[in-house]
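This one's a predicted model, so the numbers in the text were calculated from it and none came from an experiment.
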Amino acid sequence: MDVNQLQKRFIDYTTTLVQEGFLDDQFNQLQQLQDESNPDFVFEVVSVFFQDTDRLLNELGKTLELQNVDFKKVDAHVHQLKGSSSSIGAQKVRNVCIAFRNCCEEQNIEGSLRCLQQVKHEYSLVKNKLEYLFSLEQQILAAGGSIPTWNE
C-alpha cells in the first residue's frame with residue numbers, strides 16, 4: 001500500500017472514530033500539538049493515559065471488592081479517570097465516568113460495579129482502536145510519508 005492510500009486510511013479511520021463517538025475534538029487538538037520537534041507527542045500522551053487507566057481500573061476493582069466500600073476513594077479514582085479520558089478525547093470512557101460518579105454519590109455498589117464493567121469495556125475498545133491508529137501512523141512514517149491532519 002502506498003503512502004497516499006495509508007494517509008487516506010488514517011484520515012478515514014480517525015473520522016470514523018469521531019463519528020462513532022470514541023474520540024472527540026480534543027484528540028484533534030492533541031494531534032495539532034505534534035510537530036517535527038516532538039513527532040511522538042500524541043503516542044506518548046496516550047501511552048501515559050493507557051498506563052494510568054490500567055492502574056486506576058485495577059484500584060477501582062480492588063476498592064469495590066471491599067466489605068465497606070470507600071465511595072470517596074472510588075469517586076476520586078473515577079474523577080481522575082474522567083479527567084484523563086477527557087484530556088485525550090476518549091469520549092465514551094468519559095461519558096461512562098459521569099454515570100459512575102453519580103453512582104458513587106448515591107453510594108450505589110451495584111451501579112458502581114456495573115459502571116466499572118462499562119468503563120473497562122469502553123476503555124478496551126478505544127485502546128484497541130488507538131493502537132490500530134498508531135500502527136497506521138508507523139506504516140505511514142515507514143513509507144516516507146507524514147501524518148495527515150484531519151477535521152471533523
Side-chain angles (χ1 to χ4, degrees), residues 6-7 9-35 37-141 147-152:
L6 287 168
Q7 289 170 326
R9 180 179 284 178
F10 179 87
I11 290 171
D12 291 347
Y13 191 70
T14 307
T15 301
T16 299
L17 292 179
V18 171
Q19 289 170 345
E20 292 177 354
F22 287 100
L23 298 176
D24 61 23
D25 192 54
Q26 182 62 34
F27 188 77
N28 185 23
Q29 291 176 27
L30 268 183
Q31 286 183 314
Q32 290 176 9
L33 295 173
Q34 184 166 289
D35 58 20
S37 67
N38 197 356
D40 295 326
F41 177 73
V42 176
F43 177 79
E44 290 169 2
V45 169
V46 172
S47 293
V48 169
F49 168 73
F50 290 162
Q51 292 168 1
D52 286 348
T53 300
D54 289 337
R55 179 184 55 77
L56 286 169
L57 291 174
N58 188 35
E59 286 294 318
L60 282 165
K62 287 179 184 175
T63 305
L64 287 170
E65 288 175 0
L66 296 175
Q67 186 72 30
N68 294 314
V69 174
D70 180 350
F71 281 98
K72 287 188 184 219
K73 184 176 182 181
V74 173
D75 186 58
H77 289 319
V78 175
H79 180 71
Q80 187 178 352
L81 181 56
K82 180 179 163 247
S84 61
S85 60
S86 292
S87 72
I88 69 149
Q91 185 174 328
K92 287 187 176 188
V93 173
R94 185 200 67 222
N95 290 345
V96 175
C97 287
I98 293 168
F100 202 159
R101 292 198 71 201
N102 290 335
C103 289
C104 289
E105 192 174 299
E106 297 166 0
Q107 298 194 2
N108 178 343
I109 187 68
E110 292 83 14
S112 293
L113 289 168
R114 205 169 29 256
C115 285
L116 176 59
Q117 292 310 310
Q118 278 185 280
V119 168
K120 286 180 176 180
H121 175 73
E122 292 300 340
Y123 168 65
S124 175
L125 290 174
V126 78
K127 183 177 183 181
N128 288 336
K129 291 175 185 300
L130 287 170
E131 286 172 343
Y132 176 72
L133 193 66
F134 293 137
S135 76
L136 278 177
E137 279 188 4
Q138 293 307 309
Q139 291 174 52
I140 291 168
L141 295 173
I147 306 304
T149 57
W150 61 276
N151 294 312
E152 292 181 67

Checklist outcome for this item: Shortest non-hydrogen pair, Gly111 vs Cys103, comes out as C-SG, 3.6 Å
Checklist entry - Going by atom types only, do Asn102 and Glu106 share a side-chain donor-acceptor pair under 3.5 Å? => result no
Next on the checklist: Would Gln31 and Leu33 count as a side-chain contact (heavy atoms from CB on, under 4.5 Å) here? Give the steps.
Outcome noted: CA-CA 5 Å; Gln31 286 183 314; Leu33 295 173; over 6 Å; no
Checklist entry - How far apart are the C-alpha atoms of Gln29 and Asp25, what are their side-chain angles, what is the distance that settles it, and do they pass the side-chain hydrogen bond (donor to acceptor under 3.5 Å, both in side chains) test? => result CA-CA 6 Å; Gln29 291 176 27; Asp25 192 54; 3.0 Å; yes
Item to check | Minimum-distance pair of heavy atoms, taken over all atoms of Leu17 and Lys129 | outcome: CD2-CD, 3.4 Å
Next on the checklist: Within the supplied structure, the quantity of interest is the number of heavy atoms (other residues, nucleotides, ligands) at a distance under 6.0 Å from Arg55 CZ; does it exceed 12?
Outcome noted: yes
Please list, one pair per line, the donor and acceptor atoms closer than 3.5 Å that link side chains of residues 64-76 to other protein atoms, with sequence neighbours excluded.
unit_1, atom_1, unit_2, atom_2, d
Asp70, OD1, Lys72, N, 3.1
Asp70, OD1, Lys73, N, 3.2
Asp75, OD1, Arg101, NE, 2.8
Asp75, OD2, Arg101, NH2, 3.0

Checklist entry - If every non-hydrogen atom of Asp35 is compared with every non-hydrogen atom of Ser37, which pair is closest and at what distance? => result OD1-OG, 2.6 Å
Checklist entry - Under a 4.5 Å cut-off applied to non-hydrogen side-chain atoms, are Leu81 and Leu57 in contact? => result yes
Checklist entry - Between Cys97 and Val78, what is the shortest heavy-atom contact and its length? => result O-CG1, 3.5 Å
Next on the checklist: Working note: Tyr132 + Leu136, criterion side-chain contact (heavy atoms from CB on, under 4.5 Å); need CA distance, chi angles, decisive distance, verdict.
Outcome noted: CA-CA 6 Å; Tyr132 176 72; Leu136 278 177; 3.6 Å; yes
Checklist entry - For Phe22 and Val93, what are the C-alpha separation, side-chain angles and deciding distance, and is it a side-chain contact (heavy atoms from CB on, under 4.5 Å)? => result CA-CA 8 Å; Phe22 287 100; Val93 173; over 6 Å; no
List the atom pairs, with distances to 0.1 Å, where a side-chain N or O of residues 113-128 and a protein N or O form a donor-acceptor pair under 3.5 Å, not counting sequence neighbours.
unit_1, atom_1, unit_2, atom_2, d
Tyr123, OH, Phe50, O, 3.1
Tyr123, OH, Asp54, OD1, 2.9
Asn128, ND2, Ser124, O, 3.3

Checklist entry - What distance separates Glu137 CD from Ile147 CD1, expressed to the nearest 0.5 Å? => result 4.5 Å
Checklist entry - Can you list the residues that meet the side-chain contact (heavy atoms from CB on, under 4.5 Å) rule with Asp40, with sequence neighbours excluded? => result Glu44
Next on the checklist: Test: side chain to side chain donor-acceptor pair (under 3.5 Å). Region: residues 80-99. Which pairs qualify, not counting sequence neighbours?
Outcome noted: Asp24-Arg94
Item to check | Approximate separation, where rounding is to 0.5 Å, of Ile140 CD1 and Phe10 CZ | outcome: 6.0 Å
Item to check | Within-4.5 Å side-chain heavy-atom neighbours: Val18 and Phe27 | outcome: no
Next on the checklist: Is the shortest side-chain heavy-atom distance between Leu23 and Leu130 below 4.5 Å?
Outcome noted: yes
Checklist outcome for this item: In this structure, SG of Cys104 is separated from NE2 of His79 (nearest 0.5 Å) by 12.0 Å
Checklist outcome for this item: With sequence neighbours left out, the residues meeting side-chain contact (heavy atoms from CB on, under 4.5 Å) with Phe43 are Ser47, Phe134
Next on the checklist: Can you give me the closest heavy-atom contact between Ile88 and Phe49, atom names plus distance?
Outcome noted: CD1-CD2, 3.3 Å
Checklist entry - Which pairs with one or both residues in residues 12-21 pass salt bridge (Lys or Arg N to Asp or Glu O under 4.0 Å), sequence neighbours excluded? => result Lys8-Asp12
